[in-house]
Amino acid sequence: MAEGVHRLDVAHVNCYLVVRPDGMTLVDAGLPGTWGALRDVLGHLRATPADIDAVVLTHGHFDHVGIARRLQRAHETAVHVHARDRRLARHPYLYRPERARPPYLARYPKALPVLGDMVLHGALGVRGVTARASLANGHPLDVPGSPVPLWTPGHTDGHCALLFDDIGILFSGDAIVTLDPYTAETGPRLVANAATADSRAALASLDALAQVEAPLMLPGHGEPWRDGVRAAARLARAAGAR
């Protein structure tokens, strides 16, 4: 994606290994099936999972928590999240979306292969993790790369995008995606209300992202966006909530 930034794309779910001079940070933890991809990338870098200094979660949903517990238990890797998503990270299925999911499956049949692929890679078997409530809006986090959390509630109460300002990258998590797993629609947008807690708050959070000048946005789902975070926020607002 950029110098020292490696995308792990497994079953339409992205997480990212960020390698900086002061160590390694894993942004989000994907699905259980992400483990093999992580081992492959680390092997290419002549590293092991024990070399990862921290896992930083943009939020606590099951498809972002996937291998965090495994890293924590096997290697005592520190796991960080916003305080308002700490409980969700422990119980990554215990949340109520704004709208029920079954109608989306009928309305957007193209999403079925996406969701099916997620299930095949462990989406129904994620175990929660006890994370540190370390993320605070606008305050650099003491992990390699010193990302600045941007509190962007709506998708979840404690959702945070992560700005690595020195390399010009915003990791948007699910505040803006370029593939909605519940509709299969592409381009910058919010995740469907089938997986979003509060769509009005999610739309309001785009105001904060519209101020970010980073040229590259790496989302939790979908392809990288290279035309600037401001443009992505504008297009996501135009797409609206679904």
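Side-chain atoms of L45 and D51, non-hydrogen and from C-beta on, never get closer than 4.5 Å to each other. Taking 4.5 Å as the limit, some side-chain heavy atom of E98 sits within range of a side-chain heavy atom of D198. Considering only heavy atoms from C-beta on, C15 comes within 4.5 Å of T34 through its side chain. Looking at heavy atoms from C-beta onward, V41 lies in side-chain contact with L8 at the 4.5 angstrom threshold. Put simply, the side chain of P181 reaches to within 4.5 Å of the side chain of M118, judged on heavy atoms. Side-chain contact check for P49 versus L71: some heavy-atom pair is nearer than 4.5 Å. In this structure, the side chains of R39 and T48 stay at 4.5 Å or more apart for every pair of heavy atoms. Counting heavy atoms from C-beta on, the side chains of R230 and V212 never come closer than 4.5 Å.
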Check step by step if salt bridge (charged side-chain N to carboxylate O under 4.0 Å, His left out) holds for R242 and E185.
CA-CA 11 Å; R242 293 182 181 269; E185 294 177 326; 3.0 Å; yes
Where do V148 and L162 land on the side-chain contact (heavy atoms from CB on, under 4.5 Å) test, with the steps shown first?
CA-CA 6 Å; V148 177; L162 299 168; over 6 Å; no
Decide yes or no on side-chain contact (heavy atoms from CB on, under 4.5 Å) for L209 and L170, but give the supporting numbers first.
CA-CA 9 Å; L209 298 181; L170 177 83; 3.9 Å; yes
side-chain contact (heavy atoms from CB on, under 4.5 Å), that's the test. Do T58 and H64 meet it? Break it down for me.
CA-CA 8 Å; T58 60; H64 294 258; 3.9 Å; yes
List the steps, then state whether ring-ring contact (aromatic ring centres under 6.0 Å, His included) holds for H159 with H82.
CA-CA 7 Å; H159 188 287; H82 190 278; over 10 Å; no
Criterion side-chain hydrogen bond (donor to acceptor under 3.5 Å, both in side chains) on N193 and T196, from CA distance to verdict:
CA-CA 5 Å; N193 296 345; T196 291; 5.0 Å; no
Begin with the C-alpha distance, continue with both residues' side-chain angles, and end with the deciding distance and a verdict on side-chain contact (heavy atoms from CB on, under 4.5 Å) for I176 and M217.
CA-CA 9 Å; I176 304 176; M217 184 189 79; 3.8 Å; yes
Check the pair D174 / H155 against side-chain hydrogen bond (donor to acceptor under 3.5 Å, both in side chains), numbers first and verdict last.
CA-CA 7 Å; D174 286 3; H155 184 64; 3.1 Å; yes
Evaluate H44 against H6 for side-chain hydrogen bond (donor to acceptor under 3.5 Å, both in side chains), listing each step before the verdict.
CA-CA 11 Å; H44 176 73; H6 305 268; over 6 Å; no
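Look at R7 and E223 and you find a salt bridge, because one of the NZ, NE, NH1 or NH2 atoms lies within 4.0 Å of a carboxylate O, short of that distance.
Across all their heavy atoms, A68 and V55 have their closest contact at CB-CG1, 4.5 Å. In terms of heavy-atom proximity, A195 sits nearest to H61 at O-CE1, 3.3 Å. Between D22 and P144 the shortest heavy-atom distance is OD2-CA, 3.3 Å. Of all non-hydrogen atoms in S146 and P140, the two that sit nearest each other are O-CB, 4.1 Å. The two residues L218 and P224 make their nearest non-hydrogen contact at CD2-CB, 3.6 Å. Between A201 and G154 the shortest heavy-atom distance is CB-CA, 3.7 Å.
A continuous path of hydrophobic side-chain contacts links V65 to I67 [ILVMFWY only; heavy atoms under 4.5 Å]. Clustering ILVMFWY residues whenever any of their side-chain heavy atoms sit less than 4.5 angstrom apart, transitively, puts I52 in a cluster other than the one holding L135. Linking ILVMFWY side-chain heavy atoms closer than 4.5 Å, directly or via other members, places L17 and L141 in two distinct hydrophobic clusters. V191 and L235 fall into different hydrophobic clusters, where Ile, Leu, Val, Met, Phe, Trp and Tyr residues are linked whenever their side-chain heavy atoms come under 4.5 Å apart, directly or through other members. There is a path of hydrophobic side-chain contacts, each under 4.5 Å, that joins V13 to L38.
Taken to the nearest 0.5 Å, the OH atom of Y16 stands 11.5 Å off from the CG atom of L26. In this structure, the separation between NE2 on H59 and CG on L88 is 8.0 Å, given to the nearest 0.5 Å. Note: Q72 CD to T130 OG1 = 6.0 Å, rounded to the nearest 0.5 Å. Atom CD of E3 sits about 10.5 Å away from atom CD1 of I169, to the nearest 0.5 Å. Taken to the nearest 0.5 Å, the OG atom of S134 stands 13.0 Å off from the NE2 atom of H139. L94 CG to R87 CZ: the interatomic distance, rounded to the nearest 0.5 Å, is 6.0 Å.
With hydrogens and angles ignored, the 3.5 Å screen pairs no side-chain donor or acceptor of W151 with any backbone N or O of G138. Side-chain atoms of R189 come within 3.5 Å of backbone N or O of T186 as a donor-acceptor pair. Judged purely by atom type and a 3.5 angstrom limit, S205 uses its side chain to pair as donor or acceptor with the backbone of P153.
Checking each of V5, V56, L216 against F171 for a side chain to side chain contact (heavy atoms under 4.5 Å, CB included) leaves exactly one that passes, namely V5. A side-chain hydrogen bond (donor to acceptor under 3.5 Å, both in side chains) with H221 holds for exactly one of N14, T178, D180, D63; it is D63.
No more than 12 heavy atoms of other residues, nucleotides or ligands lie within 6.0 Å of CZ in R107, so this atom counts as exposed by the packing criterion. By the neighbour-count criterion of 12 heavy atoms within 6.0 Å, atom CG of D142 is sparsely surrounded, having that number or fewer from other residues, nucleotides or ligands. For D165, the CG atom sits in a loose shell: 12 or fewer heavy atoms of surrounding residues, nucleotides or ligands are nearer than 6.0 Å. Within 6.0 Å of atom CZ in R90, more than 12 heavy atoms from other residues, nucleotides or ligands are found, so the atom counts as buried in its surroundings.
Classification of the Y104-Y108 ring pair by plane angle, with boundaries at 30° and 60°, yields parallel. Note on ring orientation: taking the six-membered ring where Trp is involved, the planes of Y93 and F62 are parallel (angle under 30°, cut-offs 30° and 60°).
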